[in-house]
Amino acid sequence: MSSSKSGSRITAQGLEKTYYRGGESLVVLDGVHLEVEAGEFLALTGPSGSGKSTMLNFIGGLDRPDAGKVIVGDTEVSALSKAGLAAWRSRNVGFVFQAFNLLPVLTALENVELPLILQPLKKSERRQQAEFALEIVGLKDRMDHRPKELSGGQEQRVAIARAIVTDPDVILADEPTGDLDRTSADQVLDIMKRLSTEHKKTIIMVTHDPAAAAYADRILCLDKGLFVEGAHS
Ligand code: ADP
Ligand code: MG
């Protein structure tokens, strides 16, 4: 993983999203603006249902807003075709979710290698990159373990290794510590912090845990479709 890069700046302008259900409309995002500096570690908080995941999915190109623009680095993500989006995501964004989503039949190393399968790499290069990602999360000595032989915290660290193995500029994490005890959560958060400070990743982390948000450089709070004043670290 090169440390020469310095993340990607993220800009979201006027994001709007309304869901329609049974004749009712629900405005989830009401013209939201967001600027995240390259290399910044931002925590996104707010009540359940306030649109945090929706917003993160727009930024990562997993979904599209009704209106508004998302720009990550030099790419206008919101203007990419479906195929273009998939290709862009695989090179530029690492996702971490609350559920670790590791494949149970694969070892930690094989799980981390998965995102590299479609890249033109030699087997040995793939393995080397995956081992390095596992080293960053402190689990190189567990690389031959299967998920059921790991603790929840270790599983999430493997999931982080999988997210960073392609060396993306941007990490998007949605409640990454939601299922973890405090000690495991702190280990995961220490890694997120290091990905920001040492590896220069731009990070947006959704969380409703104030202790988790405190690891970030800046905290924003989403409520009723807009950003409101949040606690600052
Ligand atoms: P958060 O992550 O802040 O808890 P979400 O972004 O997941 O919030 O969801 C925001 C609101 O939009 C919630 O009320 C949720 O029920 C609703 N919502 C999310 N996805 C859909 C969908 N595909 N269809 C209808 N409503 C949805
Ligand atoms: Mg959510």
Side-chain angles (χ1 to χ4, degrees), residues 10-36 40-72 77-78 80 82 85-86 89 93-102 152-153 155-157 159-160 162-163 168 170-182 184-185 188-189 191-192 195 201-233:
I10 297 171
T11 304
Q13 295 166 343
L15 293 188
E16 294 178 20
K17 181 69 187 179
T18 301
Y19 287 114
Y20 298 93
R21 255 187 314 202
E24 301 261 305
S25 63
L26 175 69
V27 178
V28 177
L29 299 178
D30 193 11
V32 174
H33 300 279
L34 176 67
E35 299 270 345
V36 187
E40 188 177 8
F41 180 4
L42 176 78
L44 196 53
T45 65
S48 181
S50 59
K52 304 181 298 294
S53 297
T54 300
M55 173 118 193
L56 207 66
N57 291 346
F58 291 161
I59 291 168
L62 289 174
D63 201 356
R64 269 176 211 287
D66 297 335
K69 257 191 197 179
V70 173
I71 301 162
V72 178
V77 177
S78 44
L80 293 175
K82 207 171 170 189
L85 262 184
R89 266 201 316 266
V93 187
F95 290 97
V96 182
F97 297 101
Q98 179 168 354
F100 322 126
N101 299 323
L102 300 178
E155 281 192 83
Q156 189 60 304
R157 283 151 65 195
I160 293 173
R162 181 182 55 189
V170 174
I171 309 284
L172 301 178
D174 197 343
E175 305 278 6
T177 58
D179 280 346
L180 302 180
D181 61 78
R182 188 74 262 156
S184 302
V188 160
L189 292 159
I191 292 166
M192 299 294 277
L195 290 176
K201 305 296 182 193
T202 307
I203 302 176
I204 303 180
M205 176 176 74
V206 166
T207 181
H208 54 246
D209 173 12
Y215 279 78
D217 302 324
R218 183 161 60 110
I219 302 171
L220 282 176
C221 182
L222 199 58
D223 197 10
K224 299 189 176 64
L226 292 169
F227 281 121
V228 296
E229 194 66 21
H232 289 268
S233 55

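Just so you know, ligand 1 is whichever comes first in the structure, and atom 1 is the first atom listed for that ligand.
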Notebook entry, point to check: In chain order, what residues pass the side-chain contact (heavy atoms from CB on, under 4.5 Å) check against R64, with sequence neighbours excluded?
Noted result: L85
Check: Tell me, which residues have any heavy atom less than 4.0 Å from some atom of ligand 1?
Finding: Y19, R21, L26, V28, P47, S48, G49, S50, G51, K52, S53, T54
Margin query: Under the side-chain contact (heavy atoms from CB on, under 4.5 Å) test against L220, which residue among L42, T45, V32, V228 passes?
Written below: L42
Next item on the list: Return yes when at least one N/O/S atom of T54 is nearer than 2.8 Å to the Mg ion (ligand 2), and no when none is.
Entry: no
Side-chain polar contacts of residues 50-63 - donor-acceptor pairs under 3.5 angstrom, sequence neighbours left out - could you list them?
{"unit_1": "S50", "atom_1": "OG", "unit_2": "P47", "atom_2": "O", "d": "2.6"}
{"unit_1": "S50", "atom_1": "OG", "unit_2": "L222", "atom_2": "O", "d": "3.4"}
{"unit_1": "K52", "atom_1": "NZ", "unit_2": "G46", "atom_2": "O", "d": "3.0"}
{"unit_1": "K52", "atom_1": "NZ", "unit_2": "P47", "atom_2": "O", "d": "3.0"}
{"unit_1": "S53", "atom_1": "OG", "unit_2": "D174", "atom_2": "OD1", "d": "3.4"}
{"unit_1": "S53", "atom_1": "OG", "unit_2": "D174", "atom_2": "OD2", "d": "2.6"}
{"unit_1": "N57", "atom_1": "ND2", "unit_2": "S53", "atom_2": "O", "d": "3.3"}

Next item on the list: Please collect all salt bridge (Lys or Arg N to Asp or Glu O under 4.0 Å) contacts where either partner lies in residues 18-31, sequence neighbours excluded, each pair once.
Entry: none
Next item on the list: Could you tell me the separation between the CD atom of E16 and the CG atom of D66, rounded to the nearest 0.5 Å?
Entry: 7.0 Å
Check: Has the side chain of Q156 got a donor or acceptor atom that lies under 3.5 Å from a matching backbone atom of P176?
Finding: yes
